[in-house]
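What follows is a set of notes on a single structure, which appears directly below.
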Amino acid sequence: MFTPRARVPFRESLLAWFRQFQRDLPWRRTKDPYRIWISEIMLQQTRVAAVIPYYERFLERFPNVQALAEAPQEEVLRLWSGLGYYSRARNLQAAAQQIVARHGGEFPLDEESILALPGVGSYTGAAILSIAFGARRAVLDGNVARVLARLGAIRGDLRETKPWQSLQKTADELLDPQSPCDWNQAIMELGAIVCTPRAPQCLLCPVNKFCRARQSGEPESYPAKRKKRDAVQITLAAAVFWTAEGKTLLLPPPRAKNGKPAADDVATLVSRMWHFPTVAVRENPPEELRSFLGGILSSKNGELSLEPLGKVRHAVTYRNVTVLPFRARTARLPAIRGAKRIPLKELSTLPVSNLTRKIGRAALAELAHAVAKA
Ligand code: SF4
């Protein structure tokens with residue numbers, strides 16, 4: 001993309017900008033590989049502002065690898081609850097356990113051991129190696145790829161193997177060998193706050209004079225948009241048990257099944273965490289929910305009265321989920337193997353998905369209102 005001679009002023013411009021204008025973020029105040037690793041995993045697919053409070057709470061509770069490795073998984077998931085993509089939390093703990101078992105609790109220093117950790121791919125590995133240890137490894141994720149594609153006016157689907165490999169080669173060539181830590185953060189920062197997907201701020205960009213997409217007059221049109229997968233509509237029905245004392249009932253985290261789950265797989269949609277009794281429905285939601293409950297209740301509860309509550313909508317990647325919550329009216333909470341009985345308003349003391357939180361919040365507002373009116 002640039003000749004070796006042109007790389008020098010390019011690097012100087014970007015690094016000078018970063019050193020002057022970088023955001024003050026908690027993970028930029030440390031070189032501890034454990035803390036950098038946690039931040040990189042949390043930042044995957046998640047905005048910085050959303051990550052900061054989770055990052056701080058998580059590290060307060062698990063200040064080192066040992067603490068994370070030894071914690072109950074439920075506690076790890078509870079502290080992740082609301083951040084989404086829960087396999088990240090499960091992988092983090094599995095990786096911490098691997099570090100304790102194979103590396104005596106010390107974060108490994110070599111690339112091979114870091115890449116062998118669950119949930120650590122080439123991007124995260126390069127970020128940890130360069131930021132914590134100053135290693136010459138260039139990061140390449142979606143943000144960096146977009147910046148590089150614009151600088152070189154490259155079009156097409158960057159995630160295809162060949163373009164991606166070519167971008168990795170470019171990223172490796174551009175990496176500042178004297179400051180790989182600052183360099184990687186600088187190019188990520190540029191993609192995050194200046195060269196944003198829809199509205200690149202070329203006038204404020206420290207490397208605008210090097211950019212071919214800007215010269216074209218339509219920088220935002222690079223690279224070409226990725227084709228979106230068609231959205232799938234899913235309808236679920238959920239039973240919200242509610243006693244006079246405001247208690248409800250949640251089912252335990254479902255086990256992972258073998259093979260690829262269906263789009264409306266409830267276990268996936270509730271992120272394999274505590275959840276309201278829920279079933280995917282098609283034609284007659286209350287009847288389908290009643291039949292589902294009949295299959296899991298360990299005792300006969302007679303005819304369950306199911307009263308519809310307000311709909312809840314939720315989007316996960318390509319799935320548009322509509323949940324139809326029903327108040328399940330019974331004198332006493334039924335017996336269901338492994339279920340937990342808790343006050344509905346204390347839902348967030350358990351690890352639950354965003355979907356379950358939304359159902360709980362909506363139901364609580366409606367039921368509390370009904371009680372106040374009675
Ligand atoms: Fe991105 Fe514009 Fe800077 Fe080019 S000039 S890198 S398009 S912000």
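Ring geometry, F2 versus F10: the interplanar angle falls from 30° to 60°, so the pair is classed tilted. Note: F133 and F107 have tilted aromatic rings, judged against thresholds of 30 and 60 degrees for the angle between ring planes. By the 30° and 60° cut-offs, the orientation of the rings of F62 relative to F58 is perpendicular.
The neighbour count for K31 NZ, taken as heavy atoms of other residues, nucleotides or ligands under 6.0 Å away, is above 12. By the 6.0 Å contact criterion, CZ on R47 is open, its count of non-hydrogen atoms from other residues, nucleotides or ligands being 12 or less. At most 12 heavy atoms of other shown residues, nucleotides or ligands fall within 6.0 angstrom of atom CD in E106. Heavy-atom neighbours of E60 CD from other residues, nucleotides or ligands within 6.0 Å: at or below the threshold of 12. Annotation: R102, atom CZ; neighbour count of heavy atoms from other residues, nucleotides and ligands within 6.0 Å does not exceed 12.
Note on L151 and L204: separate hydrophobic clusters, where clusters join Ile, Leu, Val, Met, Phe, Trp and Tyr whose side-chain heavy atoms are under 4.5 Å apart, directly or indirectly. Both I128 and L109 are assigned to one and the same hydrophobic cluster, defined by single-linkage of ILVMFWY side chains at heavy-atom distances under 4.5 Å. No continuous path of ILVMFWY side-chain contacts below 4.5 Å connects V8 to M1, so the two sit in separate hydrophobic clusters. Both L140 and F18 are members of a single hydrophobic cluster when ILVMFWY side chains are connected at heavy-atom separations under 4.5 Å. A continuous path of hydrophobic side-chain contacts links F241 to F292 [ILVMFWY only; heavy atoms under 4.5 Å].
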Q: Quick one: do E40 and W27 satisfy side chain to side chain donor-acceptor pair (under 3.5 Å)? Show the steps, please.
A: CA-CA 9 Å; E40 288 298 336; W27 43 89; 6.0 Å; no
Q: Kindly indicate, with the supporting measurements, whether the criterion side-chain contact (heavy atoms from CB on, under 4.5 Å) is fulfilled by D157 and W164.
A: CA-CA 9 Å; D157 187 347; W164 195 258; over 6 Å; no
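Remark: R137 engages E111 in a salt bridge, criterion side-chain N to carboxylate O under 4.0 Å. Ion pairing between R282 and E288 fails under the 4.0 Å rule for side-chain N and carboxylate O. Residues K169 and E173 are paired through a salt bridge, judged by an N-O separation under 4.0 Å between the basic side chain and the carboxylate. Taking a cutoff of 4.0 Å between a charged side-chain nitrogen and a carboxylate oxygen, D24 and R29 qualify as a salt bridge.
Residues T243 and L333 approach most closely at CG2-CG, 3.5 Å, considering heavy atoms. A pairwise comparison of heavy atoms in L158 and P223 identifies CD1-CG, 3.5 Å as the closest pair.
Contact of the S271 side chain with the N354 side chain is not registered, since no non-hydrogen atoms from C-beta on lie closer than 4.5 Å. Between E75 and R78 there is a side-chain heavy-atom pair separated by less than 4.5 Å. With a 4.5 Å cut-off on side-chain heavy atoms, R23 and V48 count as touching. Side chains of H314 and V323 form no contact here, defined as non-hydrogen atoms less than 4.5 Å apart. Inter-residue side-chain proximity for V207 and W17 is flagged as unmet; no heavy-atom pair is nearer than 4.5 Å. Within the 4.5 Å cutoff, no side-chain heavy atoms of Y86 are placed close to those of P351.
Residues D182 and S179 bring no donor and acceptor atom of their side chains to less than 3.5 Å of each other. Under the 3.5 Å distance criterion, with hydrogens and angles disregarded, a donor-acceptor pair is assigned to the side chains of E74 and W274. Side-chain contact, T124 with Q44: a donor N or O sits under 3.5 Å from an acceptor N or O. A donor-acceptor contact under 3.5 angstrom links the side chains of T46 and R88, judged on distance only.
The backbone N or O of T196 lies less than 3.5 Å from no partner atom in the side chain of Q201, so there is not a single donor-acceptor pair.
Cation-pi geometry between R155 and Y222 is met: the NZ or CZ atom falls under 6.0 Å from the ring centre, inside 45° of the normal.
Checked against I38 for a side-chain contact (heavy atoms from CB on, under 4.5 Å), the options V51, D32, L68 give a single hit: L68.
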